[in-house]
Amino acid sequence: MKTQVCVIGGGPSGLLLSQLLHLKGIDTVVLEKHSREYVLGRIRAGVLEHGFAKLMREAQCGERMDREGEIHEGFLIAHDGRLDRIDLHGLSGGNSVVVYGQTELTRDLYDARARLKGTVIHDVEDVRLNDLHSGRPSVSYRQGDEVVQIECDYVIGADGFHGVSRKAIPRTVLREYEKLYPFGWLGVLSRTKPVSPELIYARHERGFALCSLRSQVLSRYYIQVPLTDSVDDWADDAFWAELKRRLPDEVAARLLTGPSIEKSIAPLRSFVAEPMRYGRLFLAGDAAHIVPPTGARGLNSAASDIYYLYHAMLAHYQRGDDSGLDGYSAKALARVWKAQRFSWWMTMLLHTFPDRIDYERKLQQTDLDYLLSSEVAQRSLAENYVGLPF
Ligand code: APR
Ligand code: PHB
């Protein structure tokens with residue numbers, strides 16, 4: 001088999017890039033380890049920055065997002081029994097975010113790929129990247145007993161944190177930066193009316209909590225838990241009781257509870273791999289970087305990778321100009337690190353750290369006091385939350 005761009009990974013990053021390139025006449029093949037149902041069964045975050053939403057529209061995948069997604073012009077910070085609002089729209093010069101589940105977004109991307117008859121091959125095993133430093137790289141995979149080889153011009157590693165692409169870069173070249181946090185988020189999805197029309201990020205000495213939503217009838221809540229906890233330790237009642245304890249009384253009083261439809265624990269991690277290019281391989285999205293979910297940057301941090309790669313590929317195929325491809329890693333990493341800084345900062349600001357010394361606790365309190373009393377500090381938060389320009 002032959003293609004121009006072989007994309008490893010059928011998550012949002014790989015599908016979006018494949019769709020954008022296809023619309024410009026560039027041939028792609030997407031290889032996905034799991035079935036479509038499996039990929040669409042994963043519950044992920046649900047806040048899109050305006051730049052990502054714009055890319056979805058450019059990829060002709062924005063119709064349902066624009067119809068069903070909710071525009072959020074602000075969010076709330078709960079602390080010390082009260083609520084303060086961050087006016088994203090006013091503070092960022094008119095920008096906002098779209099609340100639209102990543103699961104729905106991925107479904108739209110799969111539908112779009114199918115509409116254009118794009119090649120997406122599921123259930124591939126033993127994916128291998130070959131000859132990345134030659135002019136003719138290839139990717140091989142196994143499906144059942146059959147081994148298939150795809151010859152291509154470029155390979156995109158969009159196979160998430162646990163994928164194989166990053167591992168194809170030799171250890172002598174690859175540098176990894178990682179920070180692990182001593183807690184995870186226990187998330188619950190419930191078919192209940194959200195407690196607040198806007199997201200509430202809650203700082204509390206018992207631990208962080210977040211009230212989010214997928215729609216007006218579907219709520220998503222999280223609480224910070226020790227890494228040693230498992231989902232079985234948290235019956236629904238225990239979850240709701242703990243969430244209420246971490247919210248201001250007036251919010252807890254109107255929280256509607258119900259059976260959980262999904263419950264999972266995700267550890268928090270910050271991670272960056274450098275460089276994001278090795279020969280003919282280009283990494284994108286979670287394959288190259290991970291953020292803790294506090295600033296809702298996960299997918300948004302992938303958006304700029306896709307945008308830069310898309311334009312770099314267009315310049316190469318349409319004008320023979322390789323400057324975008326050559327500059328990709330440095331350009332992508334510059335924005336990736338800004339998203340890292342912001343996610344780390346929001347995580348440090350809002351969580352309870354078991355081993356923090358009193359001095360650090362005082363600094364954390366001061367950081368929050370400063371934020372809530374300074375318009376300049378809030379502007380910085382808003383600018384980062386709606387998404388820095390690509
Ligand atoms: N071969 C082929 N596909 C693979 C392989 C492999 N060896 N390993 C993993 N994959 C697939 C996964 O099954 C997954 O569907 O690659 C896909 C990667 O998708 P994501 O993990 O969703 O990563 P990405 O597309 O970069 O999305 C960015 O934003 O909100 C964040 O972390 C969140 O999903 C998220 C991300
Ligand atoms: C979510 O809705 O899942 C969500 C929202 C905001 C975040 C993280 C997760 O910061």
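We count ligands from 1, going down the list as the structure has it; atoms in each ligand are counted the same way. Treat the numbers as computed from the prediction; the structure is a model and nothing was measured.
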Participant: Which atoms from ligand 2 have a heavy atom of V47 less than 4.0 Å away?
Facilitator: 5 (C), 6 (C)
Participant: Counting each atom of ligand 2 from 1 as listed, which ones have a heavy atom of W185 under 4.0 Å away?
Facilitator: 8 (C)
Participant: Less than 6.0 angstrom from the centroid, inside 45 degrees of the normal: does R277 satisfy that with respect to the ring of Y328?
Facilitator: no
Participant: Out of V124, D305, L299, D123, indicate the one that has the non-hydrogen atom closest to atom 29 (O) of ligand 1.
Facilitator: L299
Participant: So which bit of R44 gets within less than 4.0 Å of ligand 1, heavy atoms only: side chain, backbone, both or neither?
Facilitator: side chain
Participant: Counting each atom of ligand 2 from 1 as listed, which ones have a heavy atom of T294 under 4.0 Å away?
Facilitator: 10 (O)
Participant: For E70 and Y100, indicate whether the former's side chain and the latter's backbone hold a donor-acceptor pair under 3.5 Å.
Facilitator: no
Participant: Tell me, please: is R214 in heavy-atom contact with ligand 2, that is, under 4.0 Å?
Facilitator: yes
Participant: Give a yes or no on whether the backbone of D27 and the side-chain of T3 come within a donor-acceptor separation of less than 3.5 Å.
Facilitator: yes
Participant: May I ask you to decide whether R246 forms a salt bridge with E205, counting only side-chain N to carboxylate O separations under 4.0 Å?
Facilitator: no
Participant: Counting only heavy atoms, which portion of V127 has something under 4.0 Å from ligand 1: side chain, backbone, both, or neither?
Facilitator: side chain
Participant: Give a yes or no on whether the backbone of M348 and the side-chain of Q364 come within a donor-acceptor separation of less than 3.5 Å.
Facilitator: yes
Participant: Please work out which of A158, G9, S13 has its closest non-hydrogen atom nearest to atom 18 (C) of ligand 1.
Facilitator: A158
